[in-house]
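Structure record follows, encoded as structure tokens.
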Amino acid sequence: MDPAHRELLRKQRQHLSRQVLVSDAVVQFLYQEDILTASHVEEIESEATNQRKTLRLLDVLPTRGPRAFPAFLAALEADFPWLRTGLLEQLEAHRETGPTSEDDWHIPAALLGRVPSDRELSRLASLLGPESESLLLQLGLSVGALFRCRADHPHSTHGQVLAGLVTWRQSVGKAATVGRLLDSLQAAEIHPSVLGEVFQ
């Protein structure tokens, strides 16, 4: 997927999760267009709420190649034309002005030395997509620990990621700081502004 498309979906993640009813035609259209596989459809539909289904779809789309974003726009056209129009307008504005600088984004220094709460780790887990495994490895989790997290939560990616983050916090204690999370996000090539959504 084009980096600009991926970034747009990331920035609009929460907005889209509150608006798109993926259980309607969207997922079936993407399956028909060979963007999603049958296992993707099953994974999305297994989520308990519509918002979680949409978040799971937004996790999968960036991994599905260059056709995924145009197909997603086409899937929105019938039932969610205002969302499609909004995404296209933002994409056009991005092209005209260039990428907006996120260098000014920062976490207050007072937060960097703090150990994140269960709620904050849960929020972070919900925002991470397929790159979560890379982050957990950067934090020092072993492949065996990752396997246990997957085995303990076979039907919930959020549960797997949250279990991994909690395991990391338990294993390093007071060293499990927001600053360490920030360093590991950057090492995993995940834009650190994701933490801005956790601590906003």
Side-chain angles (χ1 to χ4, degrees), residues 1 3 6-18 22 39-40 42-63 101-200:
M1 180 178 284
R6 184 184 296 111
E7 179 69 5
L8 180 59
L9 289 180
R10 185 186 68 78
K11 286 183 175 179
Q12 293 299 307
R13 182 180 174 86
Q14 291 303 309
H15 176 65
L16 289 169
S17 74
R18 291 189 293 266
V22 299
S39 62
H40 288 136
E42 184 177 343
E43 181 183 349
I44 291 165
E45 295 295 349
S46 71
E47 295 289 350
T49 67
N50 192 70
Q51 186 172 26
R52 294 294 316 153
K53 290 176 183 179
T54 305
L55 289 171
R56 177 59 47 231
L57 172 63
L58 294 174
D59 288 342
V60 171
L61 281 176
T63 70
S101 173
E102 296 188 358
D103 294 339
D104 293 337
W105 175 88
H106 68 283
I107 287 183
L111 277 179
L112 292 175
R114 185 164 70 71
V115 176
S117 67
D118 286 345
R119 183 175 180 178
E120 289 161 348
L121 290 181
S122 179
R123 175 84 171 132
L124 177 59
S126 72
L127 293 169
L128 291 171
E131 64 278 295
S132 58
E133 189 167 296
S134 176
L135 170 64
L136 293 172
L137 290 171
Q138 288 292 340
L139 287 170
L141 263 71
S142 66
V143 173
L146 287 177
F147 179 80
R148 282 192 298 278
C149 292
R150 285 197 295 266
D152 290 343
H153 304 274
H155 304 297
S156 170
T157 304
H158 174 266
Q160 294 169 17
V161 179
L162 179 57
L165 291 170
V166 170
T167 298
W168 161 69
R169 189 181 62 187
Q170 289 172 341
S171 66
V172 300
K174 291 183 179 179
T177 62
V178 174
R180 179 74 180 92
L181 269 177
L182 181 61
D183 291 342
S184 296
L185 282 166
Q186 292 171 323
E189 298 184 349
I190 303 169
H191 199 286
S193 62
V194 70
L195 286 181
E197 298 184 50
V198 174
F199 297 101
Q200 62 187 358

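Computed from a prediction, not measured in an experiment: that's the story for all the values here. When a residue number appears, it is its place in the shown sequence, counting from 1.
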To the nearest 0.5 Å, what is the distance between [atom1] on [X] and [atom2] on [Y]?
X	Y	atom1	atom2	value
I44	N50	CD1	CG	11.0 Å
L61	L16	CG	CG	10.0 Å
T167	L136	OG1	CG	8.5 Å
L9	R6	CG	CZ	9.5 Å
S17	K53	OG	NZ	14.0 Å

Closer than 4.0 angstrom, basic N to acidic O: yes or no for [X] and [Y]?
X	Y	result
R180	D183	no
D59	R52	no
R123	E120	no

Considering non-hydrogen atoms only, spot the tightest contact between [X] and [Y] and give its length.
X	Y	result
G164	L141	O-CD2, 3.5 Å
T63	V60	OG1-O, 2.6 Å
L162	A125	N-CB, 3.8 Å
A187	Q138	CB-OE1, 3.4 Å
V161	S132	CG2-OG, 3.4 Å

Worked check of side chain to side chain contact (heavy atoms under 4.5 Å, CB included) between L58 and Q12: CA-CA 10 Å; L58 294 174; Q12 293 299 307; over 6 Å; no
Let me check something: any side-chain donor-acceptor pairs from residues 149-156 under 3.5 Å, sequence neighbours excluded? List them with distances.
unit_1	atom_1	unit_2	atom_2	d
R150	NH1	E133	OE1	2.9
S156	OG	G159	N	2.8

Measure the shortest side-chain to side-chain distance between L181 and P116 over non-hydrogen atoms and say whether it is less than 4.5 angstrom. yes
For the residue pair L127 and Q14, establish whether any side-chain heavy-atom pair is separated by less than 4.5 Å. yes
Going through the distances and angles, do L165 and L139 end up as a side chain to side chain contact (heavy atoms under 4.5 Å, CB included)? CA-CA 9 Å; L165 291 170; L139 287 170; 3.9 Å; yes
When R56 is tested against each of E43, Q51, H40 for side chain to side chain contact (heavy atoms under 4.5 Å, CB included), which residue passes? E43
